[in-house]
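Worksheet: the structure to be examined is printed underneath.
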Amino acid sequence: MFADIFSPMPALPIDRLMNDLVRYFNRSASATGTIFPLHVDTQADQVTLTAFAPGCSAKDLTIEVEGNEVTITGRRDVAVGQDGVTWHRRERSSSAWTRSVALPVPIEADSAFAELAHGVLTLNLKRPAETRPRMIGITDRSAGEAP
Amino acid sequence: MTDESQAERAAVRTPRHHPDPGDARAADPRLAREREGLTVQPPVDIYETHDAVVLIADLPGVRPDGLEVTVHDGVLNVRGTIDPQVLGDQMPTRYERSFNLPEMIDQHQLHARLSDGVLHLEMPKRAESVPRKIQVEVKPRAKVYGS
């Protein structure tokens, strides 16, 4: 009876392309279960890992750091559990999921700091001082020479 | 330099949120969407109860002030914006998805709630669309005398 209810508007070609790109970029990390986007940003003094975790609270998430590998495990339950409802779309998954990513630089696990806001998990990890990029001074020997 | 290459250079120079009104490419809505960043369609669950239809969408990273839910000409549009500074270039910066609303929805009574990056949108049915249970009155059978 409601086969056409909430029929989605057709996606623009650029939307489909962008969705494919997001999926492509997220193949770089291993994952099981639901695949939420994950992003690693390497800065001079720290590494920031950002992961989507919509519908998760802090108690639903676990973060493990071993060497330079970070593993995030999450779980959420989206089941409505109501009798008598009619489903028209079920695109959101409710299974447990795990994402593991090897960071490109060494990090100090003891300095890890994580926060969750608006369904986005942000993990900050400091880089050891000896692995941070250093500015090298340049001595200009040509100064004072006659042109 | 050809007109096309000049226009392309102009498009690159044009700030993201201040397109040059004289640039024909800047007026192209498809290119404008591309410049604004990655746009993805969020996954949704839609179910129907006795008196309402409920839509749940994953919008991680969207704050309440970045969420826009509109209804126009029977089309529901959900649009959420993420601060690109927070997530980096490889993450989506915007969600957008549209749905044709069925006639039975009271489009003036939509109620939206955003929590942990998940949108809950409750759309009550019109009163005349809510199934009503008709009480069947049972009258005692009339006694027939003299038979």
Hey, are the side chains of A:Arg76 and B:Asp58 touching, using non-hydrogen atoms and a 4.5 Å cut-off?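 In contact.
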Indicate the atoms forming the closest heavy-atom contact of A:Phe52 with B:Ile82, along with that distance.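 Closest pair (atom of A:Phe52, atom of B:Ile82, distance): CZ-CD1, 4.1 Å.
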Of all heavy-atom pairs between B:Gly117 and A:Pro54, which one has the smallest distance, and what is that distance?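 Nearest heavy atoms, B:Gly117 then A:Pro54: O-CB, 3.9 Å.
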Is the number of heavy atoms from other residues, nucleotides or ligands under 6.0 Å of [X] [atom1] greater than 12?
X        : atom1 : answer
B:Glu103 : CD    : no
B:His120 : NE2   : yes
B:His72  : NE2   : no

For A:Ser57, give me all partners under side-chain hydrogen bond (donor to acceptor under 3.5 Å, both in side chains), at least two apart in sequence or on another chain.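 Partners of A:Ser57 under the side-chain hydrogen bond (donor to acceptor under 3.5 Å, both in side chains) test: A:Asp60.
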Please classify the contact of B:Val62 with chain A as side chain, backbone, both or neither, using a heavy-atom distance under 4.5 Å.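 For B:Val62, backbone heavy atoms alone lie under 4.5 Å from chain A.
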In terms of heavy-atom proximity below 4.5 Å to chain A, should B:Pro64 be classed as side chain, backbone, both, or neither?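 For B:Pro64, side-chain heavy atoms alone lie under 4.5 Å from chain A.
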Roughly how far apart are B:Phe99 CZ and A:Arg89 CZ, rounded to 0.5 Å?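 Between B:Phe99 CZ and A:Arg89 CZ, I get 6.5 Å after rounding to 0.5 Å.
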Measure the CD-CD distance between B:Gln41 and A:Glu91 for me, rounded to the nearest 0.5 Å.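 So the CD of B:Gln41 and the CD of A:Glu91 are separated by 8.5 Å.
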Do any side-chain atoms of residues 108-117 of chain A form donor-acceptor pairs under 3.5 angstrom with protein atoms, and if so which ones, sequence neighbours left out?
{"from": "A:Ser111", "atom 1": "OG", "to": "A:Glu108", "atom 2": "O", "distance (Å)": "2.7"}
{"from": "A:Ser111", "atom 1": "OG", "to": "A:Lys126", "atom 2": "N", "distance (Å)": "3.1"}

Would you mind checking if B:Asp45 and A:Arg92 are paired as a salt bridge, meaning a charged N to carboxylate O distance below 4.0 Å?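 Yes.
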